[in-house]
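Written below as structure tokens is the structure these notes are about.
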Amino acid sequence: MRNKLVAGNWKMHGNLQDNSALLEALKIGLPKPENNARYAVCVPFPYLASAQATLNGTQIEWGAQNLSQHEKGAYTGEVSAQMLNDFGCTYAIVGHSERRMLYGESSQIVAEKYVAAQRAGMIPILCVGETLEQRDSDTTEQVIDEQLKAVITLAGVDSLENAVIAYEPVWAIGTGKTATPQQAQDIHLFIRKGISAQNSEIAENLTILYGGSVKANNAMELFAMPDIDGGLIGGASLIADDFIAICKAIQN
Ligand code: 13P
């Protein structure tokens, strides 16, 4: 049976006090996951130690939002996969559209980061998705194909056995404009079919998340779609009650 996952992407938000309070509230408020569901928070690097201290042995996993593609060396300001390992990260997000667009990460670099995460035993959450311009010009599938191909070429299709894909249409991120459940389902199915052509078992077991303005009031209808296996949650993951409600929606 396919794993389901709700992961919070805190992005660059909060401070020591607020983030500690949020972790505590989640620890107390989140029910034990059932039915193959998992919950996670991807926190800014400086809060990984606190996530580890608070969440170790609980029902919540944690991870990072980025990592270096390099193992070690003279890369000022970068954080390696091994360092994330030291703080018990289960996940590392790679290829978020904010990294691709604001920090010039190409699909090749994203693929290298994906490999670096897996090499250190973490599960990469690989983000793919189109801009509004690309959707309007009917190139959504081409864009996603290119983003996936870079990873499959470098790491092989079998590597998806230990990975999660997040479909995040750029036009739906932080805009309050969610893809309709059918729009998201169509792309999730497109992704799964493309992978299935190479390895049907891997495709069938692959967890594919939807991300982009998932809120407590729309999570249930998104998660009800057959190829949507959970969510990558931005804004709503910063509010304990909202994130808890979204996590509960995946249990159904
Ligand atoms: P929002 O949920 O704030 O739209 O962000 C989605 C996202 O980018 C998660 O990675």
Side-chain angles (χ1 to χ4, degrees), residues 4-14 18-19 22 26 38-45 47-48 51 60-67 84 89-103 105 107 110 113-114 117 122-132 134-135 140 143-144 147-148 151 163-181 183-184 187-188 191 207-223 225 228-250:
K4 298 187 273 188
L5 172 68
V6 175
N9 174 8
W10 288 8
K11 308 194 180 181
M12 196 175 74
H13 287 292
D18 292 351
N19 291 348
L22 179 52
L26 295 180
R38 295 163 79 158
Y39 319 131
V41 288
C42 293
V43 308
F45 294 135
Y47 303 107
L48 283 173
I60 311 166
E61 300 172 305
W62 63 96
Q65 301 169 14
N66 182 30
L67 80 168
L84 299 182
C89 289
T90 300
Y91 301 97
I93 297 175
V94 299
H96 192 280
S97 58
E98 287 150 17
R99 302 285 328 162
R100 292 180 192 262
M101 287 160 58
L102 303 174
Y103 299 94
E105 289 187 9
S107 291
V110 171
K113 291 185 174 205
Y114 171 102
M122 286 180 288
I123 300 172
I125 300 177
L126 169 68
C127 300
V128 298
E130 81 288 2
T131 62
L132 186 56
Q134 290 162 337
R135 174 160 281 261
T140 299
V143 169
I144 290 171
Q147 291 169 336
L148 285 176
V151 166
V164 168
I165 290 180
Y167 168 56
E168 298 210 312
V170 178
W171 48 271
I173 295 177
T175 57
K177 219 169 147 186
T178 324
T180 64
Q183 276 175 324
I187 301 298
H188 283 230
I191 293 170
T207 302
I208 307 179
L209 311 181
Y210 168 77
S213 299
V214 179
K215 306 289 175 200
N217 62 7
N218 61 19
M220 194 91 90
E221 52 176 13
L222 285 159
F223 297 166
M225 303 310 279
I228 300 182
D229 310 310
L232 186 56
I233 320 298
S237 72
L238 300 171
I239 303 158
D241 286 349
D242 289 4
F243 189 65
I244 290 167
I246 295 169
C247 288
K248 286 183 177 164
I250 198 65

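Every number for a ligand or one of its atoms is a count from 1 in the order of the listing. Nothing here was measured: the structure is a model prediction, and the numbers come from that model.
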Is there a polar contact between ligand 1 and H96, counting only N or O atoms under 3.5 Å apart?
yes

Counting both backbone and side chain atoms, is some N or O of A236 under 3.5 Å from an N or O of ligand 1?
no

Is it true that a side-chain atom of K113 and a backbone atom of L67 form a donor plus acceptor pair closer than 3.5 Å?
yes

Using the side chain to side chain contact (heavy atoms under 4.5 Å, CB included) rule, pick out the option among N9, V164, V170, I93 that qualifies with C127.
I93

So the atoms of ligand 1 within less than 4.0 Å of a heavy atom of L232 turn out to be 9 (C), 10 (O)

Answer yes or no: does an N/O atom from G234 fall short of 3.5 Å to an N/O atom of ligand 1?
yes

Given V43 and N19, is the side-chain contact (heavy atoms from CB on, under 4.5 Å) satisfied, shown in steps?
CA-CA 9 Å; V43 308; N19 291 348; over 6 Å; no

Where ligand 1 meets A172 - atom numbers and elements under 4.0 angstrom, heavy-atom basis:
4 (O)

In ligand 1, the atoms that come under 4.0 Å of a heavy atom of S213 are 1 (P), 2 (O), 4 (O)

N/O to N/O below 3.5 Å, does that happen between K11 and ligand 1?
yes

Between H96 and E168, is there a side-chain donor-acceptor contact under 3.5 Å, judged purely by atom types and distance?
yes

Stepwise side-chain contact (heavy atoms from CB on, under 4.5 Å) test for R135 and Q183
CA-CA 11 Å; R135 174 160 281 261; Q183 276 175 324; 3.7 Å; yes

If we number the atoms of ligand 1 from 1 as shown, the ones under 4.0 Å from a heavy atom of G212 are 4 (O), 6 (C)

Under 4.0 Å between heavy atoms, the region of S97 that gets near ligand 1 turns out to be neither

Among protein heavy atoms, which lies nearest atom 9 (C) of ligand 1, and at what distance?
E168 OE2, 2.9 Å

Correct closest heavy-atom pair for A249 and A219 would be CB-CB, 4.0 Å

Name the one of D229, L232, L222, I233 that satisfies side chain to side chain contact (heavy atoms under 4.5 Å, CB included) with Y210?
L222

Is the contact between N9 and ligand 1 made by the side chain, the backbone, both, or neither, using heavy atoms and a 4.0 Å cut-off?
side chain

Closer than 3.5 angstrom, by distance alone: can the side chain of Y91 be matched with the main-chain N or O of A7 as a donor-acceptor pair?
no

Atom 3 (O) of ligand 1 [closest protein heavy-atom partner, distance rounded to 0.1 Å]
G235 N, 2.8 Å

